[in-house]
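Keep in mind that the numbers below use all heavy atoms, side chains included, and drop hydrogens, waters and symmetry copies. Treat the numbers as computed from the prediction; the structure is a model and nothing was measured.
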Amino acid sequence: MESICKVLLGAEDTLLEKKDLMGTWYHFLVSQLLFTHPTVTVGEIHSYAQSCLDIFNAGDSSSEPLDNVLLAAFELDIHQVIKEFSIVTNNWWFVAHLTDLLDHCQLFQFLKDYYEQGSFSDLDLIDNLGPAMLLSDRLTFLGKYREFHRMYHDEQFKDAASLLLSLMTACIAPCSFWLTLLLDALPLLEQQQVIFSADQTYQLMSCLEDMTAAKLEPIQSEPNRKTQDSSLENTKLEMLRLALARNLARAIVKEGTVLV
C-alpha cells in the first residue's frame, strides 16, 4: 500500500525500484509521465523517452530497431521514422503505406485553422517539426511562417518583413494563402518606421496584382461562404493597395533623403 501511494505521488525512486515489473522501456516511460510528469508537452516527450531508455537498459548502449522508430516518433522526426521502419521491415509495403498516410493527413497545416481562427491549432507540433520541415514545400512554408510570427512578436519587424516577402516570392506559399500573407504585411506597412523598402513594396504590389489577375480565392471552409466573403475580400484588397501606396511614398522619400 505504501509503494502504491508513492507511485501515485510520482516518487521516481519508487518507480525505478519497480521497473522490473514493466515489460519495456516505453511502459516505464508511460508510467513515469503519468505519475511524475503529468503536464509534459509534446515537444518534451523525446527527452524523457531517451532518459527512460537509458535507465531501463541500465547502461546497455544497444537498442532494438523498434526503439529507434519510437525515439524518432517522439522527436516528431517523420523522415527518420520512415527511414527506421525501412530498416525494421523486410519490405517497403509498410513504409509506402505510412508515407501515403502522412501525405493524406492534410497538414495544410494547420493553414486552414489559422485562416479561420487567426491562430495555429497546435503550436507544440509546429515548433518541433525539426528535419520534417524539409519533407515538402508545405511543411517548409508552415515552419517558416511560424518563424515569421515569432519574429513579429519579438518586434524584429525588418527581419519579419523580409521573411514574409521571401515566402511569397520563393513560391513555396500555397497560392490560396497569398491574401493572408499580404494581410500579415498590413501592420508592418502601417508602422511609424518604414519597414519595407521601395523595392520590397514593389514586390508586394506585384504579388498583389498577380493574385488579383489569377483571381485566387482565399481558403474557404464552406463553399456557401464565397458570396458573403466577396465584399469583405474587396475591402481588404483596397486597404492593401492604399497601405502599399502610402508605404511606397514614404520609402521613396526616406531613401531619397538618405541618398541626398
- prompt: Hey, mind stepping through E255 and V194 against side chain to side chain contact (heavy atoms under 4.5 Å, CB included) and telling me if it holds?
  reply: CA-CA 10 Å; E255 292 167 19; V194 176; 6.0 Å; no

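- Once rounded to the nearest 0.5 Å, the distance linking CG of L240 with SG of C207 reads 11.5 Å.
- T180 contributes atom OG1, which lies 7.5 Å from atom NZ of K236 (distance to the nearest 0.5 angstrom).
- In this structure, the side chains of R241 and T212 come closer than 4.5 Å at one or more pairs of heavy atoms.
- For R150 and E147, the salt-bridge test fails: no basic side-chain N is under 4.0 Å from an acidic carboxylate O.
- Listed here is the closest heavy atom pair of Q203 and T169: OE1-CG2, 3.6 Å.
- Contact detail for A243 and L186: the closest heavy-atom pair is CB-CD1, 3.5 Å.
- Atom OG1 of residue T39 and atom CG of residue L33 lie 10.0 Å apart, to the nearest 0.5 angstrom.
- Of the possible polar contacts, none joining the E84 side chain to the A72 backbone as a donor-acceptor pair under 3.5 Å is found.
- Residues F148 and A160 come closest through the heavy atom pair CD1-O, 3.3 Å.
- Looking at heavy atoms from C-beta onward, L164 lies out of side-chain contact with Y152 at the 4.5 angstrom threshold.
- Note on L242 and L179: separate hydrophobic clusters, where clusters join Ile, Leu, Val, Met, Phe, Trp and Tyr whose side-chain heavy atoms are under 4.5 Å apart, directly or indirectly.
- Remark: side-chain polar atoms of D159 are not paired, donor with acceptor, to backbone N or O of M151 under 3.5 angstrom.
- E238 and N234 share no donor-acceptor pair across their side chains, judged by distance under 3.5 Å alone.
- Judged by distance alone, the side chain of S51 and the main-chain N or O of Y48 form no donor-acceptor pair under 3.5 Å.
- Here the side chain of R250 pairs a donor or acceptor atom with the backbone of L189 at under 3.5 angstrom.
- Within a 6.0 Å sphere centred on CE of M205, other residues, nucleotides and ligands contribute more than 12 heavy atoms.
- L70 CG to Q50 CD: the interatomic distance, rounded to the nearest 0.5 Å, is 12.0 Å.
- Of the possible polar contacts, one joining the S162 side chain to the K158 backbone as a donor-acceptor pair under 3.5 Å is found.
- Side-chain contact check for Y145 and D184: at least one donor-acceptor pair (N or O, by modelled atom type) lies under 3.5 Å.
- In the hydrophobic clustering of this structure, V30 does not group with F35; members are Ile, Leu, Val, Met, Phe, Trp, Tyr whose side-chain heavy atoms approach within less than 4.5 Å, directly or through other members.
- Of all the heavy atoms in F74 and A49, the pair that sits closest is CD1-CB, 3.5 Å.
- The two residues S197 and A251 have their closest heavy-atom pair at C-CB, 3.9 Å.
- Annotation: the span from D199 atom CG to L248 atom CG amounts to 9.5 Å, rounded to 0.5 Å.
- A heavy-atom distance below 4.5 Å is not found between the side chains of I195 and Q200.
- Here the OG1-CG distance, from T24 to D67, works out to 8.5 Å after rounding to the nearest 0.5 Å.
- Shown here is Y26, whose OH atom has no more than 12 heavy atoms of other residues, nucleotides or ligands within 6.0 Å.
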